[in-house]
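Data block below; observations after.
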Amino acid sequence: MSGDHGHGDSQVNSGSKGSDSHKHKDKEHRHKDHKRDKEREKLKHGNSEHKDHSEKKHKDKEKLKHSNGSSDKHREKHKEKDKDKEKRREEKIKSSHVDKPKKEKENGYVRDTSPAAIKSEPEEDNGFYPSPQHKTSKREHDDEEFEYKPKQVKTEHDNKAKKRKHEYEEEEEEEEEDIKPKKKTKDKKVTEGKKAKKEEEEKWKWWEEERSTDGSKWRFLEHKGPVFAAPYEPMPDKVKFYYDGKPMKLNAPAKEVATFFAKMLDHEYTTKDIFRKNFLKDWRKEMTSEEKSKITDLNKCKFSEMSEFFKAQSEARKQMSKQEKLKIKEENERLLQEYGFCIMDNHKERIGNFRIEPPGLFRGRGDHPKMGRLKLRIRPQDIIINCSKDSKHPKPPPGTKWKEVRHDNKVTWLASWTENIQGSIKYIMLNPSSRIKGEKDWQKYETARRLKKCVGRLRTQYRDDWKSKEMRIRQRSVALYFIDKLALRAGNEKEEGETADTVGCCSLRVEHIKLYPKMDDQEYVVEFDFLGKDSIRYYNKMPVEKRVFKNLQLFLENKQPEDDLFDRLNTSILNKHLQELMDGLTAKVFRTYNASITLQQQLKELACPEDSLPAKVLSYNRANRAVAILCNHQRAPPKTFEKSMQNLQTKIDEKQNQLSAARKQLKAAKSDHKASHDDKSRKILEMKRKAVERIEEQLMKLQVQATDREENKQISLGTSKLNYLDPRISVAWCKKWDVPIEKIYNKTQREKFAWALDMAEKDYEF
DNA sequence: CCAGTCACTTAGGAGCCCTAAG
DNA sequence: CTTAGGGCTCCTAAGTGACTGG
């Protein structure tokens, strides 16, 4: 970590303490700021300056990522071709328009009005929980509280009492607590000494409360604003930068940027052409004109002294004494306490990312055209603050101003800024454990469960549509089939040249699939090979139904490799269609649905009541893994994988030897006992028996561990666990098989899924 | 319909930190 | 006590999808 984002003051102090030593720099910065503002302005209107399309063949075959070579040429060609080609194809199959009136929505909360959805909805209410999907509209008067100012924050110190959910006592022991952090700090000092662990154990059961119906996300919001990145600390003069073999002094801004590069020197990013080119270009913008005229070739730059300096620094940090480390920890904790929480509607909630992203070099993933560009430092005047009108507004650091303070309760973010690489907006939002995130998450799974009820009908329909006489419908139905069956992502269009060339379902190109009428003993095999989100390769061969196959052949006719496979389809068309089939349905719901249903099925299949605890956990992980594979959640095999696998194997071998030794002894003890039949020998026998059992168990545990790890080599379970699997399935499974939930969810995860832990019983059905 | 904007979810990797084993 | 390695947290990029205004 940057470990250097020093002190809480970094938020506030740029004007006070820190300033003296930086006066000089500050001036220069300010001067630059002007230019910068202009540049930032430009962003808004499309930043055309970097339109370099360096034609490059990929050679890198780093693991399985980025290794599919389809992309670059595509970029060039794609541009012009599109329009007219499309038109040419237009008439291939007659298209007629059947536009239907759209469904209604109420501000973000989906109203179920489609007849289809209504009829298919016995609403699985476990009788008690208010569904997030259909808020009962009984509390129309909700909004009358709109302008109130909360006097108290509910923080419940309830540690025991796990279940009680049916008792309707949300009013229980809400400690009256001053909102003002003053008191909080005091409170804290008392406990902090020992373990800071005690904290206020928030046990607010928001899921037992009504939800707002008017599209507002909150009624009251107060926070202290973000924490800014620590200012640049000039390096000691003895750490030199060399150009063309000669030491060269750089002005502060240029030097700071140089340190960004130096810090990455060991990373292979810095060897990539695009990265270097982008870096040099942006770096030069920070230079004085002399520097600029001198430094023209990155190859002549030597950053190694700087790099060594940082390495030494981080080494020193590791070597720090316990005390020093503790001090840093405490400081971090203080910062967290001060800036890491906000008050939203009477409750203190954890903020997800309260630190502003520090400046640095942009690291895109895959073959990103903008890798190496300079991410500018974010200043208070770049930040928009969002909070309640009647809250205590966050203060900008002395001598600075926010860009804007607004009071928009239709959104959930507390602060935002525009980033300079893509011109996109970044937000500060709440932690996943917060009500606002939890509700949404819950709702997501409820939507997926509604899909479960009508997925049969939808499948019948899209299969029917394979026969449609309209091209667009055939394409739509085949794409939907892929999304359903293979859990592909929707595949929005992307701006070319702005990002890595990756695709999803709707944006698949001809070059991404291959058709094999026959392959081995299978017929109609489709081979997929493309880079998806994060440039993770998707590779899969799948036999499809004849009709699908024939359709694909049709779609491919007269197309170039870089043409769109589904030229009459995009995500917005697809989603519009889905919306008509089921209220709230979009392409990504299929991923959620298929992931969750797969987990549930797998857990049923793999169930084995006699299994030991570790075996059960293994089963769970396998079920989880099936989902991860479905969703193509990969990871780079850990660098130490082979070695650690070997170590484990050694352990297993040892254990095995131990076991056979123990068995021998047991045998001996047995015959001893047979011979003597005395108490002593019986005792020994028992002991040996126990020993064997114990070793057997240990061995089994190791073996399970080995299997699990081997199977996990390139699969990442976390993503699906966190984003796709209805946590209630897991909770129910744990209850059913007496597996402690801690085996499945760590602390953070339990916090995120608190709602599920609380409400799911062992008979929960997704 | 289309491009642009905005909000919010989903994603893998870096690196810190804890723990179990030596 | 030290060390290795694996888990967890943080970080922030990269998606999805709604909406807007022309």
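Order of the sequence lines fixes the chain letters, A, B, ..., with proteins taken first and strands second; residue numbering starts at 1 for each chain. What you are looking at is a predicted structure, and each value in this text was computed from that prediction instead of being measured.
Remark: the A:K588 side chain and the B:dT10 base include no donor-acceptor N/O pair separated by less than 3.5 Å.
Distances from the side chain of A:H267 to the nucleotides C:dG15, C:dA13, B:dA14 place B:dA14 closest. When distances run from any side-chain atom of A:T502 to the nucleotides C:dA18, C:dG15, C:dC11, the shortest one goes to C:dG15. For A:I425, taking side-chain heavy atoms from C-beta onward, the closest of the listed nucleotides B:dC6, B:dA11, C:dT16 is B:dC6. Set against B:dC6, B:dG13, B:dG12, the side chain of A:A636 has B:dG13 as its closest nucleotide. Of the listed nucleotides (C:dA14, C:dG17, B:dC8), C:dA14 has the atom at the smallest distance from the side chain of A:Q422. For A:K375, the listed nucleotide lying nearest its side chain is C:dT12; candidates were C:dT12, B:dA14, B:dT9. In the set C:dA18, B:dA11, B:dC16, the nucleotide with an atom closest to the side chain of A:R317 is B:dC16. The side chain of A:K440 lies closest to B:dC8 when the candidates are B:dA11, C:dT16, B:dC8. Residue A:R365 has its side chain nearest to C:dA14 when only C:dA14, C:dG15, C:dG17 are considered.
Between A:H368 and A:F362, the two ring planes are perpendicular [angle over 60°; tilted spans 30° to 60°]. Ring geometry, A:Y538 versus A:F528: the interplanar angle exceeds 60°, so the pair is classed perpendicular (tilted spans 30 to 60°).
A:Y724 and A:T719 are not linked by any side-chain donor-acceptor pair at a separation below 3.5 angstrom, with hydrogens and angles left out of the test.
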Between A:H223 and A:F341, does a ring-ring contact (aromatic ring centres under 6.0 Å, His included) hold up when you go through it step by step? CA-CA 7 Å; A:H223 59 92; A:F341 294 84; over 10 Å; no

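A residue-by-residue look at A:K426 and A:N431 shows that A:N431 has its nearest nucleotide of DNA chain C further toward the 5' end. Summary of the strand contacts: A:N570 and A:S314 both lie near DNA chain B, and taking for each the nucleotide with the nearest heavy atom, the more 5' one is attributed to A:N570.
In the displayed structure, A:K325 atom NZ is contacted under 6.0 Å by more than 12 heavy atoms of other residues, nucleotides or ligands.
Regarding contacts with the backbone of B:dC18, a side-chain N or O of A:K329 is found under 4.0 angstrom from either OP1 or OP2. Dashed line: the shortest gap from a side-chain N or O of A:R591 to OP1 or OP2 of B:dA11 is under 4.0 Å.
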Check nucleotides 5-9 of chain C against the protein and report each pair of N or O atoms closer than 3.5 Å, with its distance, or say if there are none.
residue: C:dG5; atom: OP1; partner: A:N647; partner atom: OD1; Å: 3.2
residue: C:dG5; atom: OP2; partner: A:K643; partner atom: NZ; Å: 3.3
residue: C:dG6; atom: OP1; partner: A:R709; partner atom: NH1; Å: 3.2
residue: C:dG6; atom: OP2; partner: A:S644; partner atom: OG; Å: 3.1
residue: C:dT9; atom: OP1; partner: A:T748; partner atom: OG1; Å: 2.5
residue: C:dT9; atom: OP2; partner: A:T748; partner atom: OG1; Å: 2.5

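Here A:F362 lies in heavy-atom contact (under 4.0 Å) with sugar-phosphate atoms only. Nucleic acid contact class of A:G718 (heavy atoms, under 4.0 Å, all strands): none. Across all strands shown, A:G532 has heavy atoms under 4.0 Å from sugar-phosphate atoms exclusively, and none from any base. Residue A:K318 is classed as having no contact, given no heavy-atom separation below 4.0 Å to the nucleic acid. Backbone-only contact: A:T412 has heavy atoms under 4.0 Å from sugar-phosphate atoms and none from a base. Within the nucleic acid shown, A:N575 comes within 4.0 Å of sugar-phosphate atoms alone, with no base atom in reach, counting heavy atoms only.
A:T502 pairs in a side chain to side chain donor-acceptor pair (under 3.5 Å) with only one of the listed residues (A:K494, A:R365, A:R489), which is A:K494.
Within the cation-pi definition used here (under 6.0 Å to the ring centroid, within 45° of the axis), A:K272 qualifies as a partner of A:Y269.
Atom-to-atom, CG of A:L630 to P of B:dA11 comes out at 12 Å; the value is rounded to the nearest Å. Rounding to whole angstrom units, NZ of residue A:K370 and P of C:dA14 are separated by 11 Å. The distance from atom CD of A:E498 to atom P of C:dG15 is 13 Å, rounded to the nearest whole Å.
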